[in-house]
Amino acid sequence: MRSSDTHQGLDWLTSRPIAHRGYHNPSEGRMENGVKAIAAAVENNFSIELDVQLTSDREALVFHDETLDRLTHETGPVLARSSADIKTLPFCETDDRIATLGEILDLVNGRVPVIVELKSHWDKSDFLVRRTIEIARAYKGPIAIMSFDPFMVAGLRTLAPNIPRGIVAERRFTEQGQTVTPFQAFYLGNLCHWLQTRPDFISYAINDLPAPVPSAIRRWTRIPLICWTVRTAEQRRKAAIECDQITFEGFHPDRD
C-alpha cells in the first residue's frame, strides 16, 4: 500500500487497515457497528469505518440498515424511531449495544482514525449531513465523512470544507435497497459529479477495480483510493496493487 504520496494531510487515512463496521464477529459477541466491535478495532489499532442513519429526533445513529429488521428483533424504519428508543434494543445475536455517533466517538477518543459513512435515503435531505458535521467539529481525533450520495458529499463540501470528505462508489452501483437506471449507474460509478463534490478521497468496490476513472484520478491527483470490502486473499492481492488501503472484514490483517 502507498502512504508517502497520499493527498495533503491525509496520511492518517491510509496508515492502517480499516475495519468495516468495526472489528465485528457475531460468534465472539461483536456485532457490526456495535460498541464492542468499535472497541475491538481500537484495541487492535485498526482505523474504523462505520455507518450512520438518521433517527426521528434527527440524531446520527451508528447503524447500517434503513430498517431494524435484520439486526434486531424489532421491525420498521430507523427513521421512524427515536435514538433513545433504538438504543434500548438488543442486537439479535449478542448483547452488543447500538449507540449514537457521539457516544462512539467518545469511546474511540482519538486513538484511531474514524471514517463515517452517511447512509442516504436519496431524498436530498441534509439533516444527517448537518448533524454529523456538528458532531465531527466537536471531535478532537482524526475523522472523515463519506457517502454514496453525491448530494451529501456536495453538502459536506459546502458546509464543512475543512472536514475530509469522500465518495463511495462501485461500477455497477447495486447499493442495498436502491434501483438505478443504466445512466445513473454510469454517472455514479464514473464519478461524473466530480466538479460538484470534489472529494478528498475515494472508497471504491474492490470487485470493480481496476476501474478507469478512480484509477486515473488516483494517478493524476494523488488523492487516496481505498477499497471495500476485502474478505479474501485474492482481493487483498488486488488491493495491494490498485489501492492505498483496504476496508476489510472477516480476518485480522496483521495475522491472517
Side-chain angles (χ1 to χ4, degrees), residues 5-14 18 49-54 58 60 64 66 79 101 113-137 139 142-206 208-228 242-245 247:
D5 56 358
T6 51
H7 202 236
Q8 293 182 6
L10 284 184
D11 286 0
W12 56 264
L13 184 68
T14 57
I18 303 162
E49 184 268 353
L50 55 82
D51 307 286
V52 291
Q53 291 276 1
L54 190 69
R58 294 182 181 175
H64 177 270
E66 288 188 7
L79 189 57
L101 177 60
V114 176
I115 305 163
V116 180
E117 182 183 334
L118 304 176
K119 305 306 289 186
S120 178
H121 294 276
W122 302 89
D123 57 0
K124 297 193 181 299
S125 168
D126 69 352
F127 291 127
L128 184 57
V129 174
R130 290 178 179 275
R131 179 57 180 148
T132 304
I133 288 171
E134 181 180 18
I135 296 166
R137 280 179 170 155
Y139 184 59
I143 189 168
I145 309 173
M146 64 183 185
S147 181
F148 275 96
D149 187 344
F151 174 83
M152 286 186 156
V153 180
L156 292 168
R157 181 189 178 198
T158 299
L159 298 171
N162 294 327
I163 297 176
R165 63 187 176 275
I167 189 72
V168 191
E170 56 186 315
R171 199 182 305 178
R172 287 170 288 274
F173 203 85
T174 54
E175 169 68 345
Q176 182 180 2
Q178 299 297 325
T179 301
V180 300
T181 66
F183 172 79
Q184 290 170 325
F186 180 90
Y187 177 86
L188 295 165
N190 289 283
L191 312 182
C192 297
H193 47 72
W194 188 263
L195 293 178
Q196 289 75 45
T197 55
R198 293 293 178 92
D200 299 302
F201 64 96
I202 301 167
S203 180
Y204 214 82
I206 183 60
D208 288 340
L209 291 173
V213 173
S215 298
I217 290 172
R218 178 195 187 215
R219 183 170 61 253
W220 294 336
T221 70
R222 316 305 286 179
I223 73 168
L225 174 60
I226 59 180
C227 62
W228 56 273
E242 303 294 341
C243 308
D244 298 299
Q245 192 49 269
T247 308

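When reading the values below, keep in mind they use all heavy atoms of this one structure, side chains included, and skip hydrogens, waters and symmetry mates.
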* With sequence neighbours left out, what residues match Thr197 under side-chain hydrogen bond (donor to acceptor under 3.5 Å, both in side chains)? -> His193
* What closest approach, in Å, do Phe148 and Trp122 show between heavy atoms, and which atom pair accounts for it? -> O-CH2, 3.5 Å
* To do: Compare all side-chain heavy atoms of Val116 with those of Leu50 and state whether any distance is below 4.5 angstrom.
  => yes
* Got a second to check how far Asp51's CG is from Met146's CE, nearest 0.5 Å? -> 7.5 Å
* side-chain hydrogen bond (donor to acceptor under 3.5 Å, both in side chains) involving Asn190 - partner list, sequence neighbours excluded -> none
* Interatomic distance, His64 atom NE2 to Lys119 atom NZ [nearest 0.5 angstrom] -> 3.5 Å
* Straight-line distance of Leu225 CG to Ile223 CD1, nearest 0.5 Å -> 8.0 Å
* Structure fact -> With sequence neighbours left out, the residues meeting side-chain hydrogen bond (donor to acceptor under 3.5 Å, both in side chains) with Gln184 are Thr181
* Grab the two heavy atoms, one from Pro199 and one from Trp194, that are nearest each other, plus how far apart they are. => CG-CZ3, 3.3 Å
* Search all heavy atoms of Pro224 against all heavy atoms of Asp244 and return the closest pair with its distance. => CA-OD2, 3.4 Å
* To do: For Trp12 and Pro113, indicate whether the former's side chain and the latter's backbone hold a donor-acceptor pair under 3.5 Å.
  => no
* Structure fact -> The reported gap from CZ in Arg137 to CG in Leu159 (rounded to nearest 0.5 angstrom) is 7.5 Å
* **Euclidean distance, Glu117 CD relative to Ile145 CD1, rounded to 0.5 Å** => 12.0 Å
* What residues form a side-chain contact (heavy atoms from CB on, under 4.5 Å) with Leu79, not counting sequence neighbours? -> Leu54, His121
* Asked: Any sub-3.5 Å donor-acceptor pair from Tyr204's side-chain atoms to Ile167's backbone N or O?
  -> no
* Using modelled atom types only, decide if a donor and an acceptor are shared between the side chain of Ser203 and the backbone of Cys227 within a distance under 3.5 Å. => no
* Pairing residues for Ala60 by the side-chain contact (heavy atoms from CB on, under 4.5 Å) criterion, not counting sequence neighbours -> Val52, Leu101, Leu128, Arg131, Thr132, Ile135
* Asked: Would a 4.5 Å heavy-atom cut-off, applied to side chains only, mark Leu13 and Gln245 as touching?
  -> no
* List for me each residue that meets side-chain hydrogen bond (donor to acceptor under 3.5 Å, both in side chains) alongside Arg171, sequence neighbours excluded, and say none if there are none. => none
* **Close side-chain approach of Ile226 to Cys243, heavy-atom, < 4.5 Å** => no
* To do: With sequence neighbours excluded, tell me which residues meet salt bridge (Lys or Arg N to Asp or Glu O under 4.0 Å) with Arg130.
  => Asp126
* Asked: What is the distance from atom CZ of Phe127 to atom CZ of Arg58, rounded to the nearest 0.5 Å?
  -> 3.0 Å
* To do: Mind jotting down which residue pairs meet the side chain to side chain donor-acceptor pair (under 3.5 Å) criterion with at least one end in residues 146-164? Sequence neighbours excluded, please.
  => Ser120-Asp149
* Asked: Taking it one step at a time, do Ile115 and Phe201 satisfy side-chain contact (heavy atoms from CB on, under 4.5 Å)?
  -> CA-CA 11 Å; Ile115 305 163; Phe201 64 96; 4.2 Å; yes
* If you look only at pairs with a residue in residues 159-169, which of them pass as a salt bridge (charged side-chain N to carboxylate O under 4.0 Å, His left out), with sequence neighbours excluded? -> Arg165-Asp200
* Which heavy atom of Leu118 sits nearest a heavy atom of Met152, and at what distance? -> CB-SD, 3.6 Å
